[in-house]
*Asks:* 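Below is the structure I would like to discuss, written out as structure tokens.
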Amino acid sequence: MAVVAAAAATGSTTRSGGGGGEGTRSGRKKPPPPPLQERVPLGRRAAWAWRLAGLAVLLLLLALLALRLLRHHGGAGGDGGVWRVALVCEAWFAALCALNVSAKWSPVRFVTRPENLVAEGRTPSTTAAEYGELPAVDMLVTTADPALEPPLVTVNTVLSLLALDYPRAGERLACYVSDDGCSPLTCHALREAAGFAAAWVPFCRRYGVAVRAPFRYFSSSSSPESGGPADRKFLDDWTFMKDEYDKLVRRIKNTDERSLLRHGGGEFFAEFLNVERRNHPTIVKTRVSAVMTNAPIMLNMDCDMFVNNPQAVLHAMCLLLGFDDEASSGFVQAPQRFYDALKDDPFGNQMECFFKRFISGVQGVQGAFYAGTGCFHRRKAVYGVPPNFNGAEREDTIGSSSYKELHTRFGNSEELNESARNIIWDLSSKPMVDISSRIEVAKAVSACNYDIGTCWGQEVGWVYGSLTEDILTGQRIHAMGWRSVLMVTEPPAFMGSAPIGGPACLTQFKRWATGQSEIIISRNNPILATMFKRLKFRQCLAYLIVLGWPLRAPFELCYGLLGPYCILTNQSFLPKASEDGFSVPLALFISYNTYNFMEYMACGLSARAWWNNHRMQRIISVSAWTLAFLTVLLKSLGLSETVFEVTGKDKSMSDDDDNTDGADPGRFTFDSSPVFIPVTALAMLNIVAVTVGACRVAFGTAEGVPCAPGIGEFMCCGWLVLCFFPFVRGIVWGKGSYGIPWSVKLKASLLVAMFVTFCKTT
């Protein structure tokens, strides 16, 4: 791993104890400090309304299962085998519904009070000692591919972090950038950004700049008009900063890797020569946090996210310091929000309803999931330390046996073990005089082979073994007994870029689903964490909902095929309109979609957003989740390996003026990826089935051949055609990237032909 320099402040992580005396000189006790956070549950009436609505959907699913069992041979025109397949799929849907009801049963939210944190230099009735000195924070930014994640994207993220509002920020905030792509361009961009930061950070704090990523600030604010002397001073400073940023952009964009390595810095870039991107020695131009600043709090960020609320760290401190028990906030997760987000979420990846409804419900159990970015961790929680750990008597545990255990867990670096010891037992870190003296230590502990024979990647640090190491790491922290908190602020703490277009979106969902499948079939399964560790039962159920996304693929695909199969074979898997049981699936269809629709309305979203997310759920299940399920199945059989696929980032963040060509960003795009084949085939198949069924209704009855499928089968096929309409449009009249490639059409047509042939033989 290459750890590349960002501009960073130095200093120790010394934390003051909670003293302040037991009373005033008059003998009266001091009033308690004002609260830093407030737990706000959903109103009782609203909570019960949602609970009853969820239970109504569940009861209708159970009623449908009962109907299946009572008519196990099928109704009129039905087939026992088809009904049994439907029974299995609907039983799975009922189980998922029950898990969702449990997860959303007790929603809560937390309101932060950063104004109650003691400001530097002020001494109100609440003294600094009552809360303790605000802890230092190490801010970690990760990037992996300079092509898909341009260096200027990372630069803007780093600059926004360095300009955060925080008391004595120069001593308490340090920023690190980890570049798995080993890019000298990224290193060069950060060197250039360090000089710009010296002027940018004071400018932001002097004028109270709200959004502190330069690309966003200068793109959203035109040159201000000059008024009085103060306005003219601001105008001069604004113009100077804009010019300096434009120069920074040009220097970064006009640098190519070859010339940089040959002429761009002598020995500074020598280590980047002749290295492999995926297998290279450790390169350190800064420091590695545990053996450098060793802050007790860590913030990790994706390279394409920037600070949108300059008081984000203060809000997080309200949740990290505002509970009586540290176990209540092992980590603080900010919901993911996106700048320039497409209206009505056409690709279903903004997940606003997910955070507002599902994660708010999980907060009432053991806390929000770790989402991989925008998260504040207690370092001790990441180190695998349970909450309120005292290690019995400290004097006894700091002996030789303690050091032996530290070596077993953290490796043979004395400096790393010393820093871990300070974190585990809340000891003061010694101020670091010479940062450069730790460079060789940093190289040693960040080498890939350092983990061998230690607990890193399992019990310590981010957990290995899954493409979604974020969920797995958060689950391990919960399993140790920690809770977590969702930090909702206005404006949102951080903003990122959401992938747009079919290939990027489905690639992202496939990567997530692959990692989730890996967790389900591993020893890190949340069921085992509940049985043998401290993961709460309902939190385990909530994890199973998310980790079970790819497992929904075979059931949803199978259920989606029942309608075309029954029409093509002249059977039915649903009661006919003339039968008593028809009202059950009809009521279920209406109630489920109404419930889901009302959730989006309650989140302040539009009806179009609900429909876009509903149809994308069907598309993702048949495409990305299906391929992820098959990928992990093949991996478990030893036939393939999973590969981490980086999602391309929004080029607007890199100030690329050539990325706008008049295209419609909200329209589905396609390429020749296999992920598009299943949906294309299912869209074709449903069109064929509706056509065959309509012909049978029109001409079959006249020939004495009754039509067994009822309106239910036709509704299922028609509904799927509506959900897959972007693919229908891509098949029929899409052109260029908006059209489905002929290679995908031919493969999908072959699958449809095979299915129709199978139907004729049954």
Side-chain angles (χ1 to χ4, degrees), residues 47-75 78-105 353-354 357-358 361-362 537-538 540-563 565-566 572-577 579-600 610 613-615 617-618 620-622 625 710-713 715-720 723:
W48 273 107
W50 285 113
R51 291 168 187 165
L52 293 175
L55 288 173
V57 175
L58 178 59
L59 290 175
L60 285 170
L61 272 167
L62 295 177
L64 183 57
L65 293 178
L67 179 66
R68 296 283 183 202
L69 293 173
L70 292 174
R71 300 184 182 183
H72 59 278
H73 294 298
D79 177 80
V82 173
W83 275 57
R84 283 190 289 272
V85 172
L87 173 65
V88 172
C89 294
E90 289 158 0
W92 173 262
F93 301 150
L96 287 180
C97 182
L99 294 179
N100 270 286
V101 170
S102 170
K104 299 175 182 178
W105 192 261
C353 188
F354 174 79
R357 291 282 299 141
F358 183 82
V362 176
F537 177 68
R538 284 182 56 208
C540 169
L541 298 183
Y543 270 111
L544 288 176
I545 295 174
V546 176
L547 298 178
W549 283 353
L551 300 184
R552 295 169 59 173
F555 296 96
E556 292 205 16
L557 178 59
C558 186
Y559 206 73
L561 289 171
L562 283 178
Y565 177 82
C566 287
S572 65
F573 78 100
L574 292 171
K576 290 191 174 182
E579 298 176 358
D580 295 338
F582 178 74
S583 60
V584 176
L586 179 62
L588 176 60
F589 176 81
I590 295 173
S591 61
Y592 169 76
N593 284 291
T594 301
Y595 173 80
N596 198 246
F597 176 80
M598 293 308 298
E599 283 192 309
Y600 278 80
W610 163 78
N613 278 265
H614 177 82
R615 85 173 178 193
Q617 184 101 64
R618 308 285 78 77
I620 293 165
S621 178
V622 177
W625 291 352
I711 190 175
E713 286 76 17
M715 285 182 60
C716 287
C717 291
W719 190 254
L720 283 180
C723 291

*Asks:* Mind checking salt bridge (Lys or Arg N to Asp or Glu O under 4.0 Å) for Arg538 and listing every partner two or more places apart, or none if nothing turns up?
*Replies:* none

*Asks:* Which pairs with one or both residues in residues 52-65 pass side-chain hydrogen bond (donor to acceptor under 3.5 Å, both in side chains), sequence neighbours excluded?
*Replies:* none

*Asks:* With sequence neighbours excluded, what pairs up with Arg357 under the salt bridge (Lys or Arg N to Asp or Glu O under 4.0 Å) test?
*Replies:* Glu599

*Asks:* Could you measure the distance from the CG atom of Leu557 to the CG atom of Leu562? Nearest 0.5 Å is fine.
*Replies:* 10.0 Å

*Asks:* Kindly list each side-chain donor-acceptor pair under 3.5 angstrom involving residues 89-98, sequence neighbours excluded, with atom names and distances?
*Replies:*
from	atom 1	to	atom 2	distance (Å)
Glu90	OE1	Arg68	NE	2.9
Glu90	OE2	Arg68	NH2	2.9
Glu90	OE2	Tyr559	OH	2.5

*Asks:* What verdict does the side-chain contact (heavy atoms from CB on, under 4.5 Å) test give for Phe555 and Val88, after you've listed the backbone C-alpha separation in whole Å, the side-chain angles of each residue and the deciding distance to 0.1 Å?
*Replies:* CA-CA 8 Å; Phe555 296 96; Val88 172; 4.0 Å; yes

*Asks:* List for me each residue that meets side-chain contact (heavy atoms from CB on, under 4.5 Å) alongside Ala577, sequence neighbours excluded, and say none if there are none.
*Replies:* Phe582, Ile711

*Asks:* According to side chain to side chain donor-acceptor pair (under 3.5 Å), who are the partners of Trp50, at least two apart in sequence or on a separate chain?
*Replies:* none

*Asks:* What's the shortest heavy-atom distance between Leu720 and Gly560, and which atoms?
*Replies:* CD1-O, 3.6 Å

*Asks:* Holding to ring-ring contact (aromatic ring centres under 6.0 Å, His included), I want the full list of residues that pass it with Tyr592, two or more places apart in sequence or in another chain.
*Replies:* none

*Asks:* Salt bridge (Lys or Arg N to Asp or Glu O under 4.0 Å): which pairs involve residues 546-555, sequence neighbours left out?
*Replies:* Arg552-Glu556

*Asks:* Just wondering, do Trp719 and Asn593 contact through their side chains at under 4.5 Å, heavy atoms?
*Replies:* yes

*Asks:* If I take atom OH from residue Tyr600 and atom OH from residue Tyr595, how far apart are they, to the nearest 0.5 angstrom?
*Replies:* 12.0 Å

*Asks:* Only counting residues at least two apart or in another chain, list the ones meeting side-chain contact (heavy atoms from CB on, under 4.5 Å) with Ser583.
*Replies:* none

*Asks:* Any chance you could measure Phe573, atom CZ, to Leu87, atom CG, to the nearest 0.5 Å?
*Replies:* 13.0 Å

*Asks:* Holding to side-chain contact (heavy atoms from CB on, under 4.5 Å), I want the full list of residues that pass it with Leu60, two or more places apart in sequence or in another chain.
*Replies:* Ala587, Leu588, Ser591

*Asks:* Run the side-chain contact (heavy atoms from CB on, under 4.5 Å) test against Pro585 and tell me which residues pass, sequence neighbours left out.
*Replies:* Leu64, Leu574, Pro575

*Asks:* Could you tell me which non-hydrogen atom of Glu713 sits nearest to which non-hydrogen atom of Cys566, and how far apart they are?
*Replies:* CG-CB, 4.0 Å

*Asks:* In sequence, state the C-alpha distance, the side-chain angles, and the governing distance for Val546 and Phe354, and then conclude on side-chain contact (heavy atoms from CB on, under 4.5 Å).
*Replies:* CA-CA 11 Å; Val546 176; Phe354 174 79; 4.1 Å; yes

*Asks:* For Asn596, give me all partners under side chain to side chain donor-acceptor pair (under 3.5 Å), at least two apart in sequence or on another chain.
*Replies:* Trp610

*Asks:* With rounding to the nearest 0.5 Å, note down the distance linking CZ in Phe358 to CD1 in Ile545.
*Replies:* 4.0 Å

*Asks:* Measure the spacing between CD of Gln617 and CH2 of Trp549 and express it to the nearest 0.5 Å.
*Replies:* 8.0 Å

*Asks:* Would you say the side-chain atoms of Trp83 pair up with the backbone N or O of Ser572, donor to acceptor, closer than 3.5 Å?
*Replies:* yes

